[in-house]
Amino acid sequence: MTKRNLQGVTLECVQGDIARQPDMDAIVNAANAELRMGGGVAGAIHRGAGPELERECQPLAPIQPGQAVITGAHNLPNRSVVHCLGPVYGVDEPAEPLLAACYRNALELAEQNELGSIAFPAISTGAFGYPLEAATQVAFKTVLEMLPQLSSVKHIRFVLFQKADARVHEEVLERLLD
Ligand code: ADP
């Protein structure tokens, strides 16, 4: 588990379930374009939030790769859910700026809504097939670039389902900060 304080923002990587982060104001959904339940992260978040989340999402759908929208968290212990549509690897091109836009847009929404903390899953690295290490580099580079612009967000957590994925995140972050 890595925890760093950079420019007044705590940045950390943990192994866990994105739907079980009760101390975070916002959690990020690796959504599908229709903002429906689906599997993986979206399944866990919609199961935790209950059916009212899909109902709130429907008028906001469909969203485009790179886009983010914000909703309430319903039965989840958070204030908000930020839904990001990551690129499908090899289909939505160029993948890197589209994935970077997810992280940037999610952080901008958190700022606009004056949220203090936000937890991200590894967007696009499951069903959407983005290689984990490459995706991790995009995620951290984007977040590190955004740090000077953040004022309300003071805590950013990366939540990885698998231990090996958490380790890759820790290694990539250490390398970028060296
Ligand atoms: P995408 O469709 O954007 O690829 P997925 O939900 O399929 O999104 O997977 C994104 C990443 O999240 C994968 O690395 C997957 O292992 C991980 N993951 C799946 N379920 C959870 C969960 N409940 N909490 C955190 N990460 C999860």
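Just so you know, ligand 1 is whichever comes first in the structure, and atom 1 is the first atom listed for that ligand. These numbers come from the heavy atoms of this one structure, side chains and all, not from hydrogens, waters or symmetry mates.
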Engineer: Looking at atom 25 (C) of ligand 1, what's its closest protein heavy atom, distance included?
Structural biologist: Ile18 N, 3.5 Å

Engineer: With a 4.5 Å heavy-atom cut-off, do Phe120 and Ile18 have their side chains touching?
Structural biologist: no

Engineer: Which protein non-hydrogen atom lies closest to atom 3 (O) of ligand 1, naming both residue and atom, and how far is it?
Structural biologist: Ser124 N, 2.8 Å

Engineer: Taking the six-membered ring for Trp, are Phe140 and Phe158 closer than 6.0 Å centroid to centroid?
Structural biologist: yes

Engineer: For the pair Glu170 and Arg167, find out whether any cationic side-chain nitrogen is under 4.0 Å from an anionic carboxylate oxygen.
Structural biologist: no

Engineer: Using a 4.0 Å cut-off to any heavy atom of Ala44, which atoms of ligand 1 qualify?
Structural biologist: 23 (N)

Engineer: Return the residue, atom name and 0.1 Å-rounded distance of the protein heavy atom closest to atom 10 (C) of ligand 1.
Structural biologist: Ala122 O, 3.3 Å

Engineer: At what distance is the nearest protein heavy atom to atom 6 (O) of ligand 1, and which residue and atom is it?
Structural biologist: Val41 N, 2.8 Å

Engineer: Any nitrogen or oxygen of Leu132, side chain or backbone, less than 3.5 Å from one on ligand 1?
Structural biologist: no

Engineer: Would you say the side-chain atoms of Glu111 and Ser151 include a donor-acceptor pair closer than 3.5 Å?
Structural biologist: yes

Engineer: Can you confirm whether Glu114 is buried at CD, in the sense that more than 12 heavy atoms of other residues, nucleotides or ligands lie under 6.0 Å from that atom?
Structural biologist: no

Engineer: Do Gln67 and His83 have side-chain atoms, one donor and one acceptor, less than 3.5 Å apart?
Structural biologist: no

Engineer: Nearest to atom 26 (N) of ligand 1, what protein heavy atom do you find, and at what distance?
Structural biologist: Phe161 CB, 3.6 Å

Engineer: Does Leu115 reach the side chain of Ile70, with side-chain heavy atoms less than 4.5 Å apart?
Structural biologist: yes

Engineer: What protein heavy atom lies closest to atom 8 (O) of ligand 1? Include the residue and the distance to one decimal.
Structural biologist: Ala30 CB, 3.5 Å

Engineer: Is the shortest side-chain heavy-atom distance between Arg4 and Glu12 below 4.5 Å?
Structural biologist: no

Engineer: Which option wins on minimum heavy-atom distance to atom 7 (O) of ligand 1: Gly38, Ala31, Gly129, Ala127?
Structural biologist: Ala127

Engineer: Looking only at protein heavy atoms, identify the closest one to atom 4 (O) of ligand 1 and say how far it is in Å.
Structural biologist: Gly126 N, 2.8 Å

Engineer: Give the residue, atom name and distance (to 0.1 Å) of the protein heavy atom nearest atom 14 (O) of ligand 1.
Structural biologist: Thr125 OG1, 2.7 Å

